[in-house]
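Single-structure report; data block below.
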Amino acid sequence: APFDIQHIDLKKSVWTNTKEITNGKDDDANGYIDDLNGWNFIGNPKGTLPQYENYEVVRMVRFYNRYFQHNDSLSPNNKEKYNVYVKAKKALKAKRESFQEIVDQGKPFIENYYASLEAVQPFIGDKELSLPLLEELLKTHKNLETQINAVMLPLQYDMNILDLEQDLNFHKRLLALYYNPDYDERQEIGDNPNDINDRNYGNNLVDGLHDTISHGTNVAGIIAANRKNEVSINGIHEGAKIIPVVVAVNGEAHDKDIALGIRYAVDNGAKIINISISKEYSLHKEWVFDAIRYAASKDVLIVAAAGNDNLNLDKQKNFFPNDSDYTNPEIADNFIMVGGSTHSLNNNLKYSASNYGKETVDIMAPAKDMYTTSGNNAYEYVDGTSFAAPVVSGVAALIRSYYPNLNAKQIKEILLESGVHFDSMVNIANEEEAEILIPFSSLSKSGKIVNAYNAVLLAEQKYEQK
């Protein structure tokens, strides 16, 4: 996501492309004009970017409709894709029906509330709205009983009407934008998202949307916030330089953007790539696999978030981006998938929403109540594996800067081996389920939480040996 490159805690950590100057020309001949501080793969020719993009399930249905909608005869090679298409089509239909039901129920409720409040307001004046006040009013104004009861209802159930209204508007956006097959933000960008060779698109706007999207700023602060300016937080390694590569806004990233974003970072000298995005479907996963292999060939470590659906990814077998297609072994040795932990040394040590998997997730890292930088030069608390991944990326950067002779594979091994092991039982139940306890060590391959101190000690040993 775009981030605040002028943030007081980040501006010294933003990468500058010394081969480029701002002149409307592609000085370094890499296909990206004026990429002085990185590149935005969802920017448009106007010099702006959309705030919303589809979820991948929509793209999946839209893309395969042309092949399978009226085709009953399938070759063996197409059966797997057809099965994914059928699953995606069913999932999209269920999502839209669910959201529509919420909107159909919520819209009249909200409208009735405000109409009733308008009728009741003259009798309340400037007094604070409360149940006792409305109950007294009900005794003296029986003719307004229906309206008073409508205004009382949210108070009786401790509901904030503004939160309800915000939730309604969010579900309207889900229908109109995220899960709408008729909305395609790519038309605004102008490229063909299904052609990996159509590469010269986007713009250099890596800084923007501070009021609505702080995700990139959150991630960058955890890795590299200034440790010497005595302002608020300290990043893990302020010496790290962040190359802003924008591949997502509100919605889900295209595989093409992820793949080209990885390649852009590699080609511009990145040694660690942090990917704090995830999705259940992947239309062109082979492009991302190729990019991961390319990064491996250039000795670049990739650190990715495990996602926040409380799923066992060993069983789910639908989670992207990753380094496996779930039928073959890992495609490279430079990829770390990070789940989330908390600061509670009890059965809540696992971050409740974090995905997990003994075969698919490599290690855990803090993901709860992370205080970090946000847009408009501010700070905020955030939750999620999106913020566990940069903890690991930051530690990896620390090791790589002090021990540059260690390669990506060795750094991955060091991080997994040096983490702190916990034998405690942790809860993996969803909110509606009774408590389900499993060993914390079974949540990932390493069974550990990343630890910077231990990692540096082990790196020192490995470096001396090498």
Side-chain angles (χ1 to χ4, degrees), residues 222 236 272 274-276 278 301-317 319 321-324 326 329-370 383-396 398-399 406 408-430 433 435-459 461-462:
I222 291 170
I236 295 172
I272 298 157
N274 185 90
I275 302 179
S276 286
S278 62
L301 182 70
I302 297 178
V303 181
N308 307 306
D309 302 296
N310 192 28
L311 296 172
N312 183 342
L313 299 183
D314 294 351
K315 297 179 180 179
Q316 178 73 6
K317 299 188 184 303
F319 182 83
N322 61 33
D323 60 342
S324 171
Y326 297 106
E330 293 178 346
I331 62 169
D333 56 14
N334 66 325
F335 192 97
I336 302 177
M337 184 172 285
V338 185
S341 60
T342 73
H343 44 70
S344 302
L345 292 176
N346 53 33
N347 61 5
N348 293 317
L349 180 59
K350 172 189 174 292
Y351 170 59
S352 60
S354 175
N355 293 336
Y356 57 96
K358 188 66 176 173
E359 301 300 322
T360 45
V361 175
D362 291 295
I363 197 166
M364 313 297 275
K368 178 69 174 171
D369 297 327
M370 305 291 285
D383 297 336
T385 59
S386 281
F387 314 111
V391 172
V392 175
S393 294
V395 177
L398 197 65
I399 297 170
L406 296 175
K409 178 184 178 182
Q410 289 172 315
I411 291 173
K412 175 179 177 178
E413 290 171 349
I414 287 168
L415 291 170
L416 269 58
E417 187 179 336
S418 64
V420 178
H421 180 87
F422 289 91
D423 289 319
S424 55
M425 303 295 285
V426 293
N427 186 22
I428 60 166
N430 292 314
E433 296 177 319
E435 189 176 63
I436 302 172
L437 298 177
I438 66 171
F440 183 85
S441 58
S442 69
L443 299 178
S444 66
K445 289 180 185 176
S446 66
K448 299 174 181 178
I449 296 175
V450 71
N451 185 279
Y453 179 73
N454 290 351
V456 171
L457 290 180
L458 186 57
Q461 294 176 22
K462 299 272 187 183

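Keep in mind that what you see is a predicted model, and the values were worked out from it rather than measured.
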Review point. Nearest 0.5 Å, what's the CG-CG distance between D369 and D383?
Key: 5.5 Å

Taking distance alone, no hydrogens or angles, what donor-acceptor pairs closer than 3.5 Å link side-chain atoms of residues 414-421 to residues at least two apart or in another chain?
residue: S418; atom: OG; partner: I414; partner atom: O; Å: 2.6
residue: H421; atom: NE2; partner: D423; partner atom: OD1; Å: 2.6

Practice item. Spell out, as yes or no, whether a donor-acceptor pair under 3.5 Å connects the side chain of N355 to the backbone of N310. Key: yes

Point to revise | Option among V303, V395, V392 that satisfies the side chain to side chain contact (heavy atoms under 4.5 Å, CB included) test with I272 | key: V303

Study note, to complete from the structure: Note: A388 and G340 closest approach over all heavy atoms is CB-CA, 4.3 Å

Check your understanding: Of all residues at least two apart in sequence or in a different chain, which pass the ring-ring contact (aromatic ring centres under 6.0 Å, His included) check with F319?
Key -> none

Exercise for review: Please report the closest heavy-atom contact between G339 and V361, naming both atoms and the distance.
Suggested key: N-CG1, 3.6 Å

Practice item. Write out all pairs satisfying side chain to side chain donor-acceptor pair (under 3.5 Å) with one or both partners inside residues 384-395, taking only residues at least two apart or from two chains. Key: H215-S386, N274-S393, N308-T385

Point to revise | Under 3.5 Å donor-acceptor, N427 side chain and L437 backbone | key: no

Exercise for review: Check the surroundings of atom NZ in K317: do more than 12 heavy atoms from other residues, nucleotides or ligands lie under 6.0 Å from it?
Suggested key: yes

Check your understanding: Side-chain contact, heavy-atom cut-off 4.5 Å: V391 with F387?
Key -> no

Review point. Does V426 reach the side chain of L443, with side-chain heavy atoms less than 4.5 Å apart?
Key: yes

Review point. Could you go step by step and tell me if I336 and L301 meet the side chain to side chain contact (heavy atoms under 4.5 Å, CB included) rule?
Key: CA-CA 8 Å; I336 302 177; L301 182 70; 4.0 Å; yes

Point to revise | Note, K358 side chain near S444 side chain (heavy atom, < 4.5 Å) | key: no

Review point. Which pair of heavy atoms, one from F335 and one from P321, lies closest together, and at what distance?
Key: CZ-O, 3.8 Å

Practice item. Look at the side chain of D314 and the backbone N and O of E359, then say whether any donor-acceptor pair between them is shorter than 3.5 Å. Key: yes

Exercise for review: Under the side chain to side chain contact (heavy atoms under 4.5 Å, CB included) rule, what do N347 and M425 come out as? Steps first, then yes or no, please.
Suggested key: CA-CA 6 Å; N347 61 5; M425 303 295 285; 5.7 Å; no

**Study point:** I363 CD1 to K448 NZ distance, which is reported to the nearest 0.5 Å
**Key:** 7.5 Å

**Study point:** Heavy-atom closest contact (S442 atom, P439 atom, distance)
**Key:** OG-O, 2.6 Å

Practice item. Report the distance from atom OG of S424 to atom CG of N346, rounding to the nearest 0.5 Å. Key: 8.0 Å

Check your understanding: Looking only at heavy atoms, which two atoms of S446 and D362 are closest? And how far apart?
Key -> OG-O, 2.8 Å

Point to revise | CG-CD1 distance between L458 and I411, expressed to the nearest 0.5 angstrom | key: 11.5 Å

Point to revise | Side-chain H-bond candidate by donor/acceptor type, D309 with Q316, under 3.5 Å | key: no

Practice item. Find the distance between NZ (K350) and OH (Y356) and round it off to the nearest 0.5 Å. Key: 6.5 Å

Review point. CG/L313 to CE/M337 distance, rounded to the nearest 0.5 angstrom?
Key: 6.5 Å

Point to revise | Closest non-hydrogen atom pair, A389 against A305 | key: CB-N, 3.9 Å

Exercise for review: Check whether any side-chain heavy atom of M364 sits under 4.5 Å from a side-chain heavy atom of S354, and report yes or no.
Suggested key: yes

